Amino acid sequence: MERETPLDKKKEMKNIIALLMEHKFRFIFSVIFVIISSVLTVIAPVLIGDAVTIIFDGANNILHGTGTMDFASLANILLTVSVIYVVSFLFSYLQKYFIIKISSDIAFTLRQRMISKILSLPMSEVDKNKRGDILSRLTNDIDNLTSGITESLMEMMTIVITLVMSLIVMLMINVWMTLLIVVLIPIAFVLIGLMVKFSQKYFKSQLKMKGQLNSKIEESITVHDAMRSFNYQDISMDDFRKNNARLFEDEWKANFFASLIHPLIQIMNYIGYIAIAVFGGLFVIQGVFPVGRIVTFMQYAENFTNPLEELASVMSVVMTALSSSARISEFLEYDDEQNPSSKQIFKLNDEITFENVNFSYVPGEKIIDDFSLTVKKGQKIAIVGKTGAGKSTLVKLLMKFYPVDSGKIMIDGVNINEYDNHSYRSMVGMVLQDSWLFSDTIENNIRYGNLDATENEIVEASIQARTDNFIKQLPEGYDSYLNEDTDNISQGQKQLLTIARTVLSKKEILILDEATSNVDTRTEKLISDAMNNLMDSSTCFIIAHRLSTITNADKIIVLENGKIIEQGTHDELLLKKGYYYNTLNQK
Amino acid sequence: MMKLAIPLRSKIGHIILVFVGLVIEAYGLLMLPQYTGKIINEGIQYGDMNAIYSIASMMILMIGISAVGQIMCSYFSAKLSTSYARDLREMAYENVLRFSSNELNSISRASIITRITNDINQIETILLLGLTVVVFAPILGIGSIIKAFEIKTDLTWIIVIAFILIMILIFVIGARVLPKFNTLQEYMDRINQNAREILIGMPVIKAFVRQDFENEKFEKINRQYLDLNLNIYRNLLPMQPLLIVILNLMVVAIVYFGSYEVSGGLIMTGNLVSFIQYSTQIVVSFAMVGVFMIALPRIVVSGRRINEILEIEPEIKDGELLQINDNPTIEFKNVSYAYPQSEIESVKNINLKLESGKTIGIVGGTGSGKSTLLNLIPRLHDATSGEILIDGQNIKDFKLDSLRDKISLTPQKTLLMEGTVKSNMIMGKHDATDSEIEDALRKAHVDFVESPDDAVSQGGSNFSGGQKQRLSIARSLMKHHDFYLFDDSFSALDMNTEKIIMDNIMSDLKASSGVIVSQRISTIADADEILVMDKGEIIDRGNHDELYESCETYREIFDSQSDVVGGGL
């Protein structure tokens with residue numbers, strides 16, 4: 001989802017500070033260390049300047065025969081400087097050490113929070129968000145945010161402290177020379193601002209183009225086979241080329257204008273440098289200050305203009321970090337799936353009741369319309385009807401994946417909303433049309449149904465679901481690794497594995513939504529025993545296309561537009577000579 | 001890294017111009033410290049203001065020169081790096097389009113996407129930086145060495161020591177850190193993969209109440225990444241502060257030992273000041289190169305990842321012949337196919353003839369090789385043994401475009417693209433008119449679309465399974481082909497709809513040849529020939545009545561389906 005709301009910088013800064021405050025002590029220490037090490041770095045040029053003065057004076061003395069060089073105080077100064085450098089090194093190392101720990105921890109925590117959030121989102125929210133977008137929040141945005149914290153926050157602090165400290169020391173040495181350098185700052189800011197403004201336009205459109213190009217690539221790879229068999233590659237390539245060329249135009253301009261900042265600042269820097277050389281020379285000749293001050297000022301001038309340049313780049317990192325932070329917190333602020341109750345449930349004693357249930361995904365488009373039904377414990381209910389009649393939606397409501405708009409679903413007279421979601425769902429098993437398996441071994445995929453299962457129980461479940469045979473034929477048997485691109489087991493075999501998984505889990509209530517749609521009819525017949533076993537021990541809701549399964553059901557309900565239009569046993573429905581009878585006869 | 005370098009060949013002009021810009025820039029910068037020394041030695045020492053002014057104007061000139069060089073270099077390096085990225089993207093994408101699904105899977109689809117996007121971006125960013133750092137730093141460094149030696153002093157040993165120390169530092173840290181970056185990247189991939197799985201598998205996770213399990217699993221990978229990341233950065237940490245401290249101590253040493261040279265009259269104070277500036281430049285330059293060397297493995301990793309894509313020579317090679325007769329015959333002769341890294345042949349010893357006006361039906365269990373067989377015809381895969389002939393000529397001899405133009409394949413998975421119904425139909429016929437689109441939609445019984453401009457979302461997720469199949473069928477009917485291959489393309493449709501569509505297809509395509517793979521016997525019962533497949537082999541063939549009489553497997557399949565009610569209920 002695109003972010004349309006403008007960036008609330010204050011709010012995001014607060015968020016970032018809140019994150020930092022979770023590591024309060026480390027953070028406070030690293031701030032102290034930054035201050036110490038930058039203050040020390042600012043003092044050093046004064047001392048180096050003093051040393052040069054001593055040498056210059058000494059040289060003059062020797063030249064004019066008026067004395068010698070003061071080696072003792074020179075050694076003293078240089079020793080002090082060395083100590084300062086080493087101490088400053090230690091503090092800057094410690095500061096970095098802490099800040100890396102903080103930022104890595106923050107990244108870790110944020111990733112963990114995002115996963116927990118994903119895991120506790122209601123299904124409707126999962127459906128709404130694009131996968132790629134969530135993933136990019138989880139990786140890119142967290143990266144942006146943490147590098148923003150480590151690199152930029154501390155750098156900004158160093159820069160500000162260095163600038164302020166340098167300014168103070170410079171003013172103490174000479175006001176006029178200080179003015180000379182300070183005057184350059186607004187000019188530099190204007191120039192940087194100008195370049196940023198120029199390049200920003202191209203940066204933005206470049207980001208957009210990149211996003212478009214990425215989704216193009218992703219799609220081509222997904223529909224790759226269709227593309228090839230329709231000879232669509234050339235057209236796709238032309239399209240790609242066009243977008244790619246536009247990206248290039250924006251990109252090089254963005255980079256060019258951005259990279260102009262550096263030479264511009266450098267020119268400013270060197271103009272300052274020359275000014276210092278010239279005016280410093282004048283002051284020395286007039287005896288206002290000693291020659292070493294020129295060296296000192298030259299270093300400060302660099303202290304001034306270099307940080308300005310860094311500030312420009314740091315600012316863009318900070319801006320990115322802020323917008324990433326906004327994307328992360330936006331996601332973390334999504335409402336969790338509602339689970340107000342902690343009341344546990346373990347058994348279905350008597351009956352499941354649907355009472356005037358209404359539901360729609362999009363307001364106004366009713367999918368389930370005033371649905372009422374009572375199911376006794378142990379009954380098998382077959383749900384039939386055309387595609388889009390609401391069959392799958394009905395069982396999803398029973399899973400509590402979506403809350404009903406009105407009406408009630410009750411277990412033994414108690415609304416299912418009054419039970420803890422997890423406890424309730426632990427009682428309900430489900431095999432779906434889309435077989436979803438992990439990137440893991442076959443054994444672990446079956447074990448998902450019951451984490452405590454022994455190896456024997458797994459093989460037992462696998463035999464029942466008729467997967468044992470083909471698994472044993474695989475070179476690595478139960479240790480074979482499955483992944484998204486697995487080619488060597490078919491869609492149907494994957495579905496059988498999900499059945500094995502459910503066999504292992506043994507639930508009170510069972511939902512089979514076209515559980516064997518990808519399995520060929522012969523295999524389907526073979527596993528029907530397993531399915532029957534599975535069904536015998538539970539209360540079942542079955543969406544199926546096999547007549548024998550349907551006729552064996554204790555009750556068949558025929559859905560149309562979310563409403564029950566007929567219900568009864570197979571024989572009763574045939575006698576009715578309604579929709580059910582007619583559809584069967586057409587065949 | 002050969003393929004990776006190809007786009008650079010056409011950019012030699014740019015590279016040279018960047019280089020020239022850098023040399024000009026370095027020249028200007030190198031002259032400055034010398035003039036600073038002169039100001040002290042000739043101006044300040046003697047109180048000569050005129051000397052100061054004339055030296056200052058020379059300095060301004062040098063800055064001007066260096067600015068020209070810099071702007072030149074900015075311009076050409078921006079163009080160079082971005083156009084290089086552009087060319088890489090194009091090359092990679094072009095090659096990927098020619099991949100077979102085996103090749104896509106060998107790298108993994110997700111990884112291909114990150115390679116073409118993130119990895120190329122990485123290279124681009126580093127190239128942009130690298131040109132200015134890696135090329136510029138040595139120029140400036142070597143220039144500074146020359147300049148430093150021009151000042152006749154014995155202080156150069158200090159530079160040498162600082163230089164050696166820095167090289168050792170970079171080498172030691174580099175050696176500890178470099179090998180770990182690759183692993184870090186792999187951990188990141190795993191974090192990504194794990195999160196992606198969780199997103200896809202939400203319904204299952206909720207149903208099995210495995211939130212805590214998934215959370216812990218993710219935490220394990222997340223922690224692994226955290227630990228390695230910390231380890232790498234802790235090793236890298238001392239780098240920058242140590243560089244600075246070495247540099248500063250070097251300056252201190254130069255001032256200290258230089259004071260003796262000045263007092264001995266060997267050099268003047270101004271020379272010492274310029275010497276300090278040159279030595280700082282030398283060390284900073286080489287340190288920059290060194291630091292960059294540490295960033296280098298990331299480009300090397302990225303470079304290798306992209307190169308891998310570029311180096312793959314697609315196994316499906318284009319043929320030469322353009323012209324294929326109208327309504328040709330396709331013949332399979334002892335064709336077998338095994339997926340790479342699989343010992344078992346997915347299809348074995350297939351002999352088969354596809355003729356104009358005839359329809360072939362294929363039935364068989366899951367994993368019996370039906371889809372693989374169909375995919376061999378438009379050469380989505382190439383047979384591992386045996387040959388497929390079109391009018392007696394091997395299909396590999398023909399241009400892929402010509403061959404595929406003859407064939408319409410409707411795959412099992414409905415591969416719809418984000419866009420509109422129209423944009424998807426255009427895939428089937430690139431210059432289709434609106435009336436042609438409406439015609440195809442009508443034939444495929446697409447009665448749920450209001451206008452061809454209706455939106456299709458990612459993967460067609462705004463349509464139900466049956467609707468997606470009908471759209472996919474419509475796309476295959478956009479244009480006349482000599483062969484129509486349907487790979488279980490009707491599975492989500494109810495019998496009525498299927499019959500309507502089949503009738504439309506059959507009456508329209510009398511002269512064409514058809515192959516229909518189906519789980520349902522009713523779909524293929526009317527075919528001229530029916531093949532029964534099991535474990536990759538054709539175990540029996542004949543028409544419906546013959547097979548029902550003679551083939552036990554066929555009878556079993558048929559009987560097992562007699563009570564299937566289909567999508568109507």
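Chain identifiers are assigned alphabetically (A, B, ...) following the order of the sequence lines, protein sequences preceding nucleic acid strands; residue numbering begins at 1 within each chain. Treat the numbers as computed from the prediction; the structure is a model and nothing was measured.
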Q) Considering all heavy atoms of both residues, which atom of B:Leu415 and which atom of A:Asp225 are nearest to each other, and what is their separation? A) CD1-CB, 4.0 Å
Q. Which value, rounded to the nearest 0.5 Å, describes the distance between B:Ile116 atom CD1 and A:Leu213 atom CG?
A. 9.0 Å
Q: Side chain from CB out, backbone as N, CA, C, O: work out which of these in B:Leu29 comes under 4.5 Å of a heavy atom of chain A, or both, or neither.
A: side chain
Q: Let me know if A:Lys101 has heavy atoms under 4.5 Å from chain B in its side chain, its backbone, both or neither.
A: both
Q: Could you tell me which of B:Gly64, B:Gly69, B:Ala78 has the largest number of non-hydrogen atom pairs under 4.5 Å with chain A?
A: B:Ala78
**Q.** Nearest heavy-atom neighbours spanning B:Asp401 and A:Asp234
**A.** OD2-OD2, 3.7 Å
Q. Looking only at heavy atoms, what is the nearest atom pair of A:Ile115 and B:Asn215, with distance?
A. CG2-OD1, 4.1 Å
(Q) At a 4.5 Å cut-off on heavy atoms, which part of B:Ser100 comes close to chain A: side chain, backbone, both, or neither? (A) both
Q. Is NZ or CZ of B:Arg475 both nearer than 6.0 Å to the six-membered ring centre of A:Phe230 and within 45° of the ring axis?
A. no
**Q.** Atom of A:Ile221, atom of B:Leu104 and distance for their closest heavy-atom approach
**A.** O-CD1, 4.1 Å
Q | Side chain / backbone / both / neither for B:Ser476 at chain A, heavy atoms under 4.5 Å | A | both
(Q) Between B:Tyr53 and chain A, with a heavy-atom cut-off of 4.5 Å, which part of the residue counts as in contact: side chain, backbone, both or neither? (A) side chain
Q: Check whether B:Asp48 gets within reach of chain A through its side chain, its backbone, both or neither, counting any heavy atom under 4.5 Å.
A: backbone
(Q) Between B:Asn248, B:Thr117, B:Ile316, who has the most heavy-atom pairs with chain A when the cutoff is under 4.5 Å? (A) B:Asn248
Q) Are the side chain of B:Arg210 and the backbone N or O of A:Tyr448 linked by a donor-acceptor pair below 3.5 Å? A) yes
**Q.** Separation of B:Tyr260 OH from A:Leu74 CG (nearest 0.5 Å)
**A.** 7.5 Å
Q) At their closest point, which heavy atom of A:Leu119 faces which heavy atom of B:Met202, and how far apart are they? A) O-CE, 3.8 Å
Q | Within-4.5 Å side-chain heavy-atom neighbours: B:Ile244 and A:Phe89 | A | no
**Q.** Worked verdict on A:Ile267 versus B:Gln70 for side-chain contact (heavy atoms from CB on, under 4.5 Å)
**A.** CA-CA 10 Å; A:Ile267 291 173; B:Gln70 277 197 8; over 6 Å; no
Q: In sequence, state the C-alpha distance, the side-chain angles, and the governing distance for A:Ser220 and B:Val96, and then conclude on side-chain contact (heavy atoms from CB on, under 4.5 Å).
A: CA-CA 9 Å; A:Ser220 304; B:Val96 167; over 6 Å; no
Q | Interchain contact, B:Val255 with chain A, by part (heavy-atom threshold 4.5 Å) | A | both
Q. Which value, rounded to the nearest 0.5 Å, describes the distance between B:Thr269 atom OG1 and A:Ile54 atom CD1?
A. 12.0 Å
(Q) Can you tell me how far apart CD (B:Glu94) and CD (A:Gln233) are? Round to the nearest 0.5 Å. (A) 10.0 Å
Q) Relative to each other, are the rings of B:Tyr75 and A:Phe256 parallel, tilted or perpendicular (30° and 60° limits)? A) perpendicular
Q.
Please identify, among A:Ile77, A:Ile511, A:Leu451, A:Ile294, the residue contributing the most non-hydrogen atom pairs under 4.5 Å to chain B.
A. A:Leu451
Q: Under 4.5 Å heavy-atom distance to chain A, tell me which part of B:Pro238 shows up: side chain, backbone, both or neither.
A: both
Q | B:Tyr225 versus chain A, the contacting section by heavy-atom distance below 4.5 Å | A | side chain
**Q.** Any donor-acceptor N/O pair, A:Arg228 side chain to B:Phe99 backbone, under 3.5 Å
**A.** yes
Q: Among B:Ser83, B:Ser522, B:Ser77, single out the residue with the greatest number of heavy-atom pairs under 4.5 Å to chain A.
A: B:Ser83
**Q.** chain B contact via A:Leu496 - side chain, backbone, both or neither, heavy atoms under 4.5 Å
**A.** neither
Q | Interchain contact, B:Val363 with chain A, by part (heavy-atom threshold 4.5 Å) | A | neither
Q. Which of the residues B:Ala207, B:Ser81, B:Ala56, B:Gly201 is involved in the greatest number of heavy-atom pairs with chain A at under 4.5 angstrom?
A. B:Gly201
(Q) If you define the side chain from C-beta out and look only at heavy atoms, does anything of B:Asn229 sit under 4.5 Å from A:Ser104? (A) yes
(Q) Looking at A:Phe71, I want to see if its CZ is surrounded by more than 12 non-hydrogen atoms of other residues, nucleotides or ligands under 6.0 Å. (A) yes
(Q) Closer than 4.0 angstrom, basic N to acidic O: yes or no for A:Glu337 and B:Lys206? (A) yes
Q. Between A:Ile118 and chain B, which part of the residue has a heavy atom less than 4.5 Å away: side chain, backbone, both or neither?
A. both
Q) Within a strict 4.5 Å, meaning less than it, do heavy atoms of the B:Leu226 and A:Asp105 side chains meet? A) yes
Q.
For a side-chain contact (heavy atoms from CB on, under 4.5 Å) check, start with the C-alpha distance between A:Leu260 and B:Ile71, then their side-chain angles and the critical distance, and finish with the verdict.
A. CA-CA 7 Å; A:Leu260 275 186; B:Ile71 291 171; 3.9 Å; yes
Q: Decide whether B:Tyr233 and A:Ser103 meet the rule of one side-chain donor and one side-chain acceptor closer than 3.5 Å.
A: no
Q: Give a yes or no on this: more than 12 heavy atoms of other residues, nucleotides or ligands lie within 6.0 Å of atom OH of B:Tyr256.
A: no
Q: Decide yes or no for B:Arg89 and A:Phe248: does some side-chain heavy atom of the first lie under 4.5 Å from some side-chain heavy atom of the second?
A: no
(Q) Counting only non-hydrogen atoms closer than 4.5 Å, does B:Gln240 touch chain A with its backbone (N, CA, C, O), its side chain (CB onward), both, or neither? (A) side chain
Q) Under a 4.5 Å heavy-atom cut-off, does chain A meet the side chain of B:Ser346, its backbone, both or neither? A) neither
**Q.** Atom pair CG/CE of A:Leu282 and B:Met49 - distance to nearest 0.5 Å
**A.** 3.0 Å
Q: May I ask you to decide if the ring planes of B:Tyr93 and A:Phe240 are parallel, tilted or perpendicular, using 30° and 60° as cut-offs?
A: parallel
Q: May I have the step-by-step check of side-chain contact (heavy atoms from CB on, under 4.5 Å) for A:Leu247 and B:Arg86, ending in yes or no?
A: CA-CA 8 Å; A:Leu247 170 64; B:Arg86 176 197 63 192; over 6 Å; no
**Q.** Nearest-0.5 Å distance, CG of residue A:Asn60 to CE of residue B:Met268
**A.** 9.0 Å
Q.
Quick check on B:Met62 against chain A: is it the side chain, the backbone, both or neither that has a heavy atom closer than 4.5 Å?
A. neither
**Q.** Minimum-distance pair of heavy atoms, taken over all atoms of B:Ala195 and A:Leu138
**A.** CB-CD2, 3.2 Å
Q. Checking B:Ile39 against chain A: side chain, backbone, both or neither under 4.5 Å from a heavy atom?
A. side chain
Q: Sort B:Ile60 into side chain, backbone, both or neither according to what part of it lies under 4.5 angstrom from a heavy atom of chain A.
A: both
